[in-house]
Amino acid sequence: MFTQEKLQQIELFMLDGMEAADWYEKAHDAIQDLARMTETDAGMIADIVAILSPRVQVSRNCKLALEWIFKGTATGAMASRVKACELYIQNNVVSGPKVSCFAQNLRGNYDEITVDVWIAKAFDVDFGTITDAQRDAIKSVIRDLAEHHDLTPAAVQAAVWVGVRKEHGLTDSEGALIITDHLDHIA
């Protein structure tokens, strides 16, 4: 599905973003720390972070998640994300291909691959019209790179994510999901 040139470019994105290869491990650790500090369920924290993540920066995502978890609201969050949190509280289900994969990564499943807007952009796929076949093809490439470089699929995805953002002039990798740094937001 992807040309050899595209596959080489994806690998270059990965190599350029390797500082983020441990992003999911750090995020998982931060969620575990928050759960211990607040005696809150770590899985629920991961799920809420994932549900509130679409189209927001990592730092904003942390603030929204904390506000939802501890106040039951997420000021300024998209209405669809607030509704998804309400549904999650009712039925304990995370839905959507991007969000459910992201939740799994945050829960410590590093074999799952989150395909978001930036990963789709790296592969020249329109995220707004992405098909299951395209999503599967992207995941296959990421799994192959992970195997070739002895990394987890999540590590490769995180590195590609940072590499493609750099290509588009966004040099910050958003840092780790240090959610505990935002606890003062809910005080």
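All of these numbers come straight from a predicted model, not from anything done at the bench.
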- Message: What I'd like to find out is whether the side chain of I119 reaches to under 4.5 Å of the side chain of T114, using heavy atoms alone.
- Response: no
- Task: Can you sort out the partners of D111 under side-chain contact (heavy atoms from CB on, under 4.5 Å), two or more places apart, ordered by chain and number?
- Result: N109, P153
- Heavy-atom pair of closest approach, residues V160 and A122: CG1-CB, 3.9 Å
- side chain to side chain donor-acceptor pair (under 3.5 Å): which pairs involve residues 40-54, sequence neighbours left out? T38-T40, D47-Y88, D47-R107, S53-K98
- Query: Taking a hydrophobic cluster as the set of Ile, Leu, Val, Met, Phe, Trp and Tyr residues connected by side-chain heavy atoms closer than 4.5 Å, whether directly or through intermediates, do L87 and I89 fall within one such cluster?
  - Reply: no
- Item | Heavy-atom pair of closest approach, residues A21 and A155 | O-CB, 3.2 Å
- Any residue meeting salt bridge (Lys or Arg N to Asp or Glu O under 4.0 Å) with R36, in chain and number order, not counting sequence neighbours: D33
- With side chains defined as the heavy atoms from C-beta onward, is the minimum distance between K139 and C101 less than 4.5 Å? yes
- Task: For residues V115 and R135, report the shortest heavy-atom separation together with the two atoms involved.
- Result: O-NH1, 3.4 Å
- Task: Show your working on side chain to side chain contact (heavy atoms under 4.5 Å, CB included) between W23 and V58 and close with a plain yes or no.
- Result: CA-CA 12 Å; W23 193 92; V58 173; 4.2 Å; yes
- Task: Please step through side chain to side chain contact (heavy atoms under 4.5 Å, CB included) for the pair L151 and M18, ending with a clear verdict.
- Result: CA-CA 11 Å; L151 296 166; M18 282 304 290; 3.8 Å; yes
- Query: Do I10 and F13 pass the side chain to side chain contact (heavy atoms under 4.5 Å, CB included) test, and can you show the C-alpha distance, the side-chain angles, and the key distance before you say yes or no?
  - Reply: CA-CA 5 Å; I10 297 299; F13 286 151; 4.1 Å; yes
- Query: Does the side chain of V117 come within less than 4.5 Å of R55's, by heavy atoms?
  - Reply: yes
- Note on the structure: Scanning both residues in full, the closest heavy-atom pair of L106 with H28 reads O-CD2, 3.1 Å
- side-chain hydrogen bond (donor to acceptor under 3.5 Å, both in side chains) partners for Q8, two or more places apart: none
- Partners meeting side-chain hydrogen bond (donor to acceptor under 3.5 Å, both in side chains) with K6 (sequence neighbours left out): Q9, D124
- Between the CG atom in L34 and the CD1 atom in I45, the distance rounded to the nearest 0.5 Å is 4.0 Å
- Query: Quick one: ring pair (Phe, Tyr, Trp, His ring centres under 6.0 Å) partners of F123, sequence neighbours excluded?
  - Reply: F2
- Can you name the nearest heavy-atom pair linking P54 to V99, along with the distance? CG-CG2, 3.8 Å
- Contacts satisfying side chain to side chain donor-acceptor pair (under 3.5 Å) that involve residues 148-158 (not counting sequence neighbours) are E11-H149, Y24-Q157
Give every donor-acceptor pair under 3.5 Å between a side-chain atom in residues 76-85 and any protein atom, sequence neighbours left out.
from	atom 1	to	atom 2	distance (Å)
R81	NH1	I51	O	2.8

- Sequence neighbours excluded, the answer for side-chain contact (heavy atoms from CB on, under 4.5 Å) partners of E5 is T3
- Mark yes or no for whether K121, through its side chain, and V164, through its backbone, hold a donor-acceptor pair below 3.5 Å. no
- W68 and E86, any side-chain heavy atoms less than 4.5 Å apart: yes
- For L145 and M14, which heavy atoms make the closest approach, and how far apart are they? CB-SD, 4.4 Å
- Value for CZ (R143) from CG (D136), rounded to nearest 0.5 Å, stands at 8.5 Å
- Message: The criterion is salt bridge (Lys or Arg N to Asp or Glu O under 4.0 Å); which residues satisfy it with E25, sequence neighbours excluded?
- Response: none
- Message: For E147, is the CD atom crowded, meaning more than 12 foreign heavy atoms sit under 6.0 Å from it?
- Response: no
- Spell out, yes or no, whether L170 and L15 are grouped together once hydrophobic residues are joined by side-chain heavy atoms under 4.5 Å, including indirect joins. yes
- Task: Using side-chain hydrogen bond (donor to acceptor under 3.5 Å, both in side chains) as the criterion, list what pairs up with T131, not counting sequence neighbours.
- Result: Q134
- Item | Qualifying residues under salt bridge (Lys or Arg N to Asp or Glu O under 4.0 Å), relative to D22, sequence neighbours excluded | K26
- Candidate pair I138 and I130, rule side chain to side chain contact (heavy atoms under 4.5 Å, CB included), full reasoning: CA-CA 11 Å; I138 289 169; I130 193 170; 4.1 Å; yes
